[in-house]
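What follows is a single structure, written as structure tokens, with notes after it.
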Amino acid sequence: MEYADFLDESYEPSDDDLVCTFRLVPGEGISVADAAARVASESSNGTWAALSPESDVRQYSALACDIGPEDEHGTQVTVAYPSGLFEDGSLPQILSCIAGNIMGMKAVETIRLLDCEWPAVIARSFPGPQYGSDVRTELLDAGDRPPLATVPKPKVGLSTEEHVSVAESAWRGGVDLLKDDENLTDQTFNPFEQRVADSFAARDRLEEETGERKDYLVNITAETDEMVRRAEFVDDHGGSFVMVDIITCGWSGLQTVRRRTEDLDLAIHAHRAMHAAFDRLPQHGVSMRCLAQFARLAGVDHIHTGTAGLGKLENEDTAGINEWLRSDLHGHSDVLPVASGGLHPGIVDQLLDALGTNVMVQAGGGIHGHPDGTEAGARALRAAVDAYADGESLDSRAESVPALRTALDEWGTQNPR
Ligand code: CAP
Ligand code: MG
């Protein structure tokens, strides 16, 4: 068993193989084919030295089976992994193979996991989402329009009382979901239990007042046992959603949360803070497309996938990732993509033109930075989304919604940085 045994360009992947596409630049003095063989070897069951195992372990070996095309970031290499290599339902184990040691091996200068094709035998060993985009009607009253969420800003530092007051104004103005920021968890200025209890009490009042279902994406991110405890607390207080910072808390933590939310009927909102450490450099790391795939298998119901180049953050192929999240995955539910990061009413029409209306729209600064405050900001965003759904231009709707006029005058169609 040596490197050359892990390369077979005549191999046709079987229906049970996990097929991964990488893009790589070989290390100095190594050909693309040799680098491809080393990737297949190190990510399955080979090593640098030739081995002569007594039993037949070749059935667990990956094969580099296709090489090319090449672009400025490297050459594409396809590797087929036999499904027997993997433990059922374990993202950490799969990732230790397909995105493990190979990311740092000297045989490649750079390597990026671009895409995976998941066979039924692996995909069905995961739970997948509980609700997916059905949250729009099962848990909310969004109907055909995008559900709207807002993060109170400043993102941390508000007291619980201030946080709840911002929430009330946002719900009153037409937002469906209050959302915690990714770095708001259980700090002394706004403790988790008090915030959850007071926010849901306010939520009940606002549902009564507006006649619409309102809810709260509660950030339960913590170490794993504590996340489970916080999910139970949310359930006890009448919430239907939890939010998890899925990259910083880790895949096994997310999988544990998913198991518990099955019993509690809670939907999971996936925030992707730190994803850019893996996916920002086009020549190296793990693509956002793959991170979104792992999240869907683990069973998140919504995930941030960016804003199609609008707004304040760098994005990778938002439309393509969103399409994958809706595509068939061996019977698993879809995932509702979340567009967020520097959004405001003036670019809602461009956003929905690019991504369609089966997305959640989240705005923090684009609501709370409105010159007339949070309620007016929420009213402006809701009016922009409703106008789009009705086929009316933002300027035309602004004639009857002064808060939208003010937002358009304030921010125009700018993309903040
Ligand atoms: C947006 C946001 C989100 C980003 C994350 C923020 O606030 O709450 O964390 O959207 O990026 O703090 O930046 P604003 P992504 O609406 O005020 O920009 O969705 O790309 O993962
Ligand atoms: Mg945030």
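Residue indices begin at 1 and follow the sequence shown. Computed over heavy atoms, backbone and side chain alike; hydrogens, waters and symmetry mates excluded.
Using modelled atom types, no side-chain atom of H368 and backbone atom of A378 make a donor-acceptor pair closer than 3.5 Å. Using a distance-only test at 3.5 Å, with no hydrogens or angles considered, a donor-acceptor pair links the side chain of R213 to the main chain of T137. Under a 3.5 Å cut-off, the side chain of S125 and the backbone N or O of I122 do form a donor-acceptor pair. With hydrogens and angles ignored, the 3.5 Å screen pairs no side-chain donor or acceptor of E182 with any backbone N or O of D245. A side-chain donor-acceptor contact under 3.5 Å links R112 to the backbone of D279. Of the possible donor and acceptor atoms, one in the side chain of N45 sits under 3.5 Å from a partner among the backbone N and O of V57. For the pair D301 (side chain) and A267 (backbone), a donor-acceptor distance under 3.5 Å is absent. With hydrogens and angles disregarded, a donor-acceptor distance shorter than 3.5 Å links the side chain of T150 to the backbone of A363.
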Q | Trace of the side chain to side chain donor-acceptor pair (under 3.5 Å) decision for R230 with N219 | A | CA-CA 9 Å; R230 289 181 189 178; N219 186 4; over 6 Å; no
Q: I would like to know whether T160 and D198 meet side chain to side chain donor-acceptor pair (under 3.5 Å); could you show each step before the answer?
A: CA-CA 8 Å; T160 303; D198 292 358; 5.8 Å; no
Q | R172 and S169: CA distance, side-chain angles, deciding distance, side chain to side chain donor-acceptor pair (under 3.5 Å) verdict | A | CA-CA 5 Å; R172 186 173 286 124; S169 301; 4.9 Å; no
Q. Do H304 and H269 pass the side chain to side chain donor-acceptor pair (under 3.5 Å) test, and can you show the C-alpha distance, the side-chain angles, and the key distance before you say yes or no?
A. CA-CA 8 Å; H304 289 237; H269 180 94; 3.0 Å; yes
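The residues D181 and K153 are annotated as salt-bridged, a charged nitrogen and a carboxylate oxygen being separated by less than 4.0 angstrom. A salt bridge is defined here as a Lys NZ or Arg NE, NH1 or NH2 lying under 4.0 Å from an Asp or Glu carboxylate O, and R203 with E168 fails to meet this definition.
Separation of the H73 and H284 ring centroids does not fall under the 6.0 Å cut-off. A centroid separation of less than 6.0 Å is found between the aromatic rings of F241 and H302.
What you find for P345 and A407 is that their closest heavy atoms are CG-CB, 3.9 Å. Residues N315 and G309 approach most closely at OD1-N, 3.1 Å, considering heavy atoms.
A side-chain N or O of S340 and one of Q362 form a donor-acceptor pair less than 3.5 Å apart. A donor-acceptor pair shorter than 3.5 Å cannot be found between the side chains of R38 and S41.
Side-chain contact between I321 and E316: present, with at least one pair of heavy atoms (C-beta onward) separated by less than 4.5 Å.
No more than 12 heavy atoms of other residues, nucleotides or ligands lie within 6.0 Å of CD in E161, so this atom counts as exposed by the packing criterion. Within a 6.0 Å radius of OH in Y11, more than 12 heavy atoms belonging to other residues, nucleotides or ligands are found.
Within the cation-pi definition used here (under 6.0 Å to the ring centroid, within 45° of the axis), R272 does not qualify as a partner of F278. The side-chain tip of R296 does not point at the ring of W118 from less than 6.0 angstrom away and within 45° of straight on.
Relative orientation of the Y216 and W171 rings is perpendicular, given thresholds of 30° and 60° on the angle between their planes.
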Compile the donor-acceptor pairs under 3.5 Å between side chains in residues 81-90 and protein atoms, sequence neighbours left out, one pair per line.
unit_1 : atom_1 : unit_2 : atom_2 : d
Y81    : OH     : S43    : OG     : 2.8
S83    : OG     : D16    : O      : 3.3
S90    : OG     : Q93    : N      : 3.2

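With V359 as the fixed residue, the side chain to side chain contact (heavy atoms under 4.5 Å, CB included) test singles out one of T318, T305, L325, N322: N322.
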